[in-house]
Amino acid sequence: MTHYFLLSSINVMIGVFFILGFVTGKSSRVFMGSWIILLVGLLFVSDPLFRRFFGSDVSILEFIAVVLILWLAEKFISVNTDGRFSPWSIAVSLTGGALMLYFMGADYSFMCTVLALTILSLRVLDVMKISAWGSRSAFYVSFSFGLFSLVTYVFGLYEAADFLYFGMTLILMLIMIESALTPKEGA
Amino acid sequence: MVNQLNSTPDFLFTVLVTKFVAFEGILLLLLIFNKLRRYTLRGRVVAALQILGGLMVIFGYTLQVRSLPELPRPVMFLVAAVGFFLVACPFVYYKTVRIENEYILQLAIMMASPLLTLTGRGAPLSVMIPGLLLIMAMLFAVRASLWLNLHTPFTKALLRTASWIIVTSSWVIHIASRTASQWLSYYLLLLYFTALVFWVYSLAKMYDHLGRWT
């Protein structure tokens, strides 16, 4: 029960962050499709609301939200590297998520979300050379949190997994906020 | 922050997770000083002391969670706290320590916390003293990171916020040790965890900043 309390609070926080990002219009340079950001925010908020008012578990929505973020990140990377849009991270996340849901059941959709976010950290780390953010170590920390969150969840330590998930998302949000607050070079 | 009522394996493991974040912070501090070693005097001695401190923190924390009967909990707390101070010792050695008014105010608020114990309404002394010692060490580590002056305005604000959250936890410890509510204990621990994440993030950014020097 505590696990759901914690997870709901964390997801509401993430959802509010994205909705505020959409409202202020200054969320991050990563975000290019503002309406998708609003959708992501609403998806994160909707799971705790559904759970609270209808008692139904729709945590798969969070996974869809993270896949949307991955899509935005890939779009950002392709624009900034002058390369082609790479669908691999999305494909791996979707495949991993589908396998987890198939073999482990709907209770493990939290793991799909964490897996997709961990892949996001790894993907951004991979292209960090081209970015001037200077957040390489922060992404490593975020990646390590994601990895440990997956491991602790597998061992049934749900609250510990929630804490690590919170740590990972908080670091990713801090990177986005700092990136948005830092003036663009040459501007 | 360990609530005696919440000594379930799940809660203790969550406490261990907060320690894991603290380890990451300590590791980053070691890496930062390893980079600074090239530009400072007696860098190796200082680095050795820091590593010793890091090991003491890990030893103290791990034993604290494992709760070995042959070692009393205050001793484990003390080992961890001394380790923390050793990790932060280069700041004293390189004379970067600055006693600002804000720091004095924070220490005063923290030192006032045991007064509630004396009135009989706060946490028991056996929880309060080791807890406060650790929180003070943590506050020193966060303030010490501020003294390095390698921050962006954003990370500086984050570190200041983290230091105030840590000060708050010196009072929150009273609620945490007395509440019977499991979820409240988790939320209170999450508060402390947030401060640690702020600290780790700032150190990670500082390490990246130093990476541009070399």
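Note on naming: letters A, B, ... go to the chains in the order of the sequence lines (proteins, then strands), and numbering restarts at 1 for each one.
Counting heavy-atom pairs closer than 4.5 Å to chain A, the top residue among Leu203(B), Leu196(B), Thr194(B) is Thr194(B). Ranked by heavy-atom pairs under 4.5 Å with chain B, the first of Gly156(A), Ser9(A), Ala160(A) is Ala160(A). Chosen from Val17(B), Leu190(B), Val197(B), the residue pairing most often with chain A at heavy-atom distances under 4.5 Å is Leu190(B).
Within the 4.5 Å cutoff, no side-chain heavy atoms of Phe20(B) are placed close to those of Leu16(B).
Contact between Phe163(A) and Tyr186(B) at its shortest, heavy atoms only, is CZ-O, 3.4 Å.
For Ser142(A), no part lies under 4.5 angstrom from a heavy atom of chain B. Only the side chain of Leu158(B) comes within less than 4.5 Å of a heavy atom of chain A; its backbone N, CA, C and O stay farther away. Neither the backbone nor the side chain of Tyr140(A) comes within contact range of chain B; no heavy atoms are under 4.5 Å apart.
Note: Trp147(B) and Tyr103(B) meet the aromatic proximity criterion, with ring centroids under 6.0 Å apart.
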Could you pull out all donor-acceptor pairs under 3.5 Å where a side-chain atom in residues 10-19 of chain A meets a protein atom, sequence neighbours excluded?
{"from": "Asn11(A)", "atom 1": "OD1", "to": "Tyr165(A)", "atom 2": "OH", "distance (Å)": "3.0"}
{"from": "Asn11(A)", "atom 1": "ND2", "to": "Leu7(A)", "atom 2": "O", "distance (Å)": "3.3"}
{"from": "Asn11(A)", "atom 1": "ND2", "to": "Glu62(A)", "atom 2": "OE1", "distance (Å)": "3.4"}
{"from": "Asn11(A)", "atom 1": "ND2", "to": "Glu62(A)", "atom 2": "OE2", "distance (Å)": "2.8"}

Which donor-acceptor pairs under 3.5 Å do the side chains of residues 150-157 of chain B make with protein atoms, sequence neighbours left out?
{"from": "His151(B)", "atom 1": "NE2", "to": "Ser145(B)", "atom 2": "O", "distance (Å)": "2.6"}
{"from": "Thr152(B)", "atom 1": "OG1", "to": "Glu178(A)", "atom 2": "OE2", "distance (Å)": "2.8"}
{"from": "Thr152(B)", "atom 1": "OG1", "to": "Thr155(B)", "atom 2": "N", "distance (Å)": "3.2"}
{"from": "Thr152(B)", "atom 1": "OG1", "to": "Thr155(B)", "atom 2": "OG1", "distance (Å)": "3.0"}
{"from": "Thr155(B)", "atom 1": "OG1", "to": "Thr152(B)", "atom 2": "N", "distance (Å)": "3.0"}
{"from": "Thr155(B)", "atom 1": "OG1", "to": "Thr152(B)", "atom 2": "O", "distance (Å)": "3.1"}

